[in-house]
> 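This is the structure I want to talk about, given as structure tokens.
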Amino acid sequence: MSAEAEVLDELHRLRARVPLVVGALAASADGLVLAQDTASSEAESIAALTAAALGVAQRLTDTTGQGDFRELLLRGEHGYVATYAAGPSAVLTLLAQPRINVGRLHLEARRAGARIGELVDGALERPESP
């Protein structure tokens with residue numbers, strides 16, 4: 001994907017704005033890693049699990065009449081996993097420390113997700129150069 005460098009830059013900027021985010025991953029809705037800014041060697045597994053969670057979340061929002069999927073927040077003993085829609089064909093998944101300000105996380109991640117969605121959708125619309 002030609003927008004990979006720009007998506008990675010957006011992930012870096014997000015992590016700089018929200019230091020308690022310890023990992024960031026942009027993935028296609030079907031679970032392929034587009035870009036990652038994380039020390040985890042599990043990026044492919046996280047992307048695949050994100051796609052599975054996205055499928056369940058989309059089904060749940062549809063079944064309950066809540067509209068299109070926007071975000072999913074999971075809180076574990078050691079921190080948060082948050083997934084945000086990034087346009088119609090991508091998602092942003094973040095790993096955060098338990099002390100994070102969740103409101104700030106949402107604010108910055110929604111902005112980054114919108115930007116990543118624009119980058120991914122723009123790359124999909126442009127024909128590949130030979």
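Counting begins at 1 with the first residue of the sequence.
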> Mind checking the CG-CG spacing from Asp30 to Leu54? Nearest 0.5 Å is all I need.
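Asp30 CG to Leu54 CG: 10.0 Å, rounded to 0.5 Å.
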
> Between Val7 and Val120, is any pair of side-chain heavy atoms under 4.5 Å apart?
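Val7 vs Val120: side chains touch.
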
> If the condition is salt bridge (Lys or Arg N to Asp or Glu O under 4.0 Å), which residues does Glu118 pass it with, not counting sequence neighbours?
Arg115

> What distance do Leu92 atom CG and Leu14 atom CG have between them, rounded to the nearest 0.5 Å?
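Reported value, rounded in 0.5 Å steps: 6.5 Å.
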
> For the atom pair CG (Leu20) and CZ (Arg99), what is the distance rounded to the nearest 0.5 Å?
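Rounded to the nearest 0.5 Å, the CG-CZ separation comes out at 5.0 Å.
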
> How far apart are the closest heavy atoms of Ala43 and Val33, and which atoms are they?
O-CG2, 3.6 Å

> Do the side chains of Arg13 and Glu6 get close enough for a salt bridge, i.e. N-O under 4.0 angstrom?
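Looking at Arg13 and Glu6, the cut-off is not met.
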
> Let me confirm one number: the CG-OG1 distance from Leu74 to Thr83, rounded to the nearest 0.5 Å.
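Rounded to the nearest 0.5 Å, the CG-OG1 separation comes out at 7.0 Å.
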
> State whether the side chain of Thr61 and the backbone N or O of Gln58 hold a donor-acceptor pair below 3.5 Å, judged by distance alone.
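Yes, because the side chain of Thr61 sits within donor-acceptor range (under 3.5 Å) of the backbone of Gln58.
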
> Which heavy-atom pair separates Phe69 from Tyr84 by the least distance, and what is that distance?
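Taking Phe69 first and Tyr84 second, the nearest heavy atoms are CE2-C, 4.2 Å.
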
> Only counting residues at least two apart or in another chain, list the ones meeting salt bridge (Lys or Arg N to Asp or Glu O under 4.0 Å) with Arg59.
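Not a single residue meets the salt bridge (Lys or Arg N to Asp or Glu O under 4.0 Å) criterion with Arg59.
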
> If every non-hydrogen atom of Leu105 is compared with every non-hydrogen atom of Leu94, which pair is closest and at what distance?
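Shortest heavy-atom contact: CD1-CD1, 3.7 Å.
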
> Of all heavy-atom pairs between Ala29 and Ala51, which one has the smallest distance, and what is that distance?
O-CB, 3.5 Å

> Can you tell me how far the CG atom of Leu25 sits from the CG atom of Asp37, to the nearest 0.5 Å?
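Going from the CG atom of Leu25 to the CG atom of Asp37 covers 10.0 Å.
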
> What heavy-atom pair brings Val91 and Ser28 nearest, and what distance separates the two atoms?
CG2-O, 4.4 Å

> Run the numbers on Ile100 and Val21 for side-chain contact (heavy atoms from CB on, under 4.5 Å), then give the verdict.
CA-CA 8 Å; Ile100 197 159; Val21 170; 3.9 Å; yes

> Quick one about Asp121 and Ser89 (side-chain donor to acceptor, distance below 3.5 Å, no hydrogens or angles considered), yes or no?
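Per modelled atom types, Ser89 and Asp121 side chains form a pair under 3.5 Å.
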
> What pairs with Glu42 under salt bridge (Lys or Arg N to Asp or Glu O under 4.0 Å), at least two apart in sequence or on another chain?
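Glu42: no salt bridge (Lys or Arg N to Asp or Glu O under 4.0 Å) contacts found.
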
> Give, for atom CG of Leu95 and atom CZ of Arg15, the distance between the pair rounded to the nearest 0.5 Å.
8.5 Å

> If we only count heavy atoms from C-beta on, is the Arg104 to Arg17 side-chain gap below 4.5 Å?
yes

> Take Val81 and Arg75, measure what side-chain contact (heavy atoms from CB on, under 4.5 Å) needs, and give me the verdict at the end.
CA-CA 7 Å; Val81 178; Arg75 181 176 174 218; over 6 Å; no

> If you take all heavy atoms of Leu34 and Glu4, which pair is closest and at what distance?
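That would be O-CG, 3.3 Å.
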
> Flag yes if Leu49 and Val22 sit in one hydrophobic cluster, no otherwise; membership is Ile, Leu, Val, Met, Phe, Trp, Tyr, and two members link when side-chain heavy atoms are under 4.5 Å apart.
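Looking at the clustering, Val22 is in a separate group from Leu49.
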
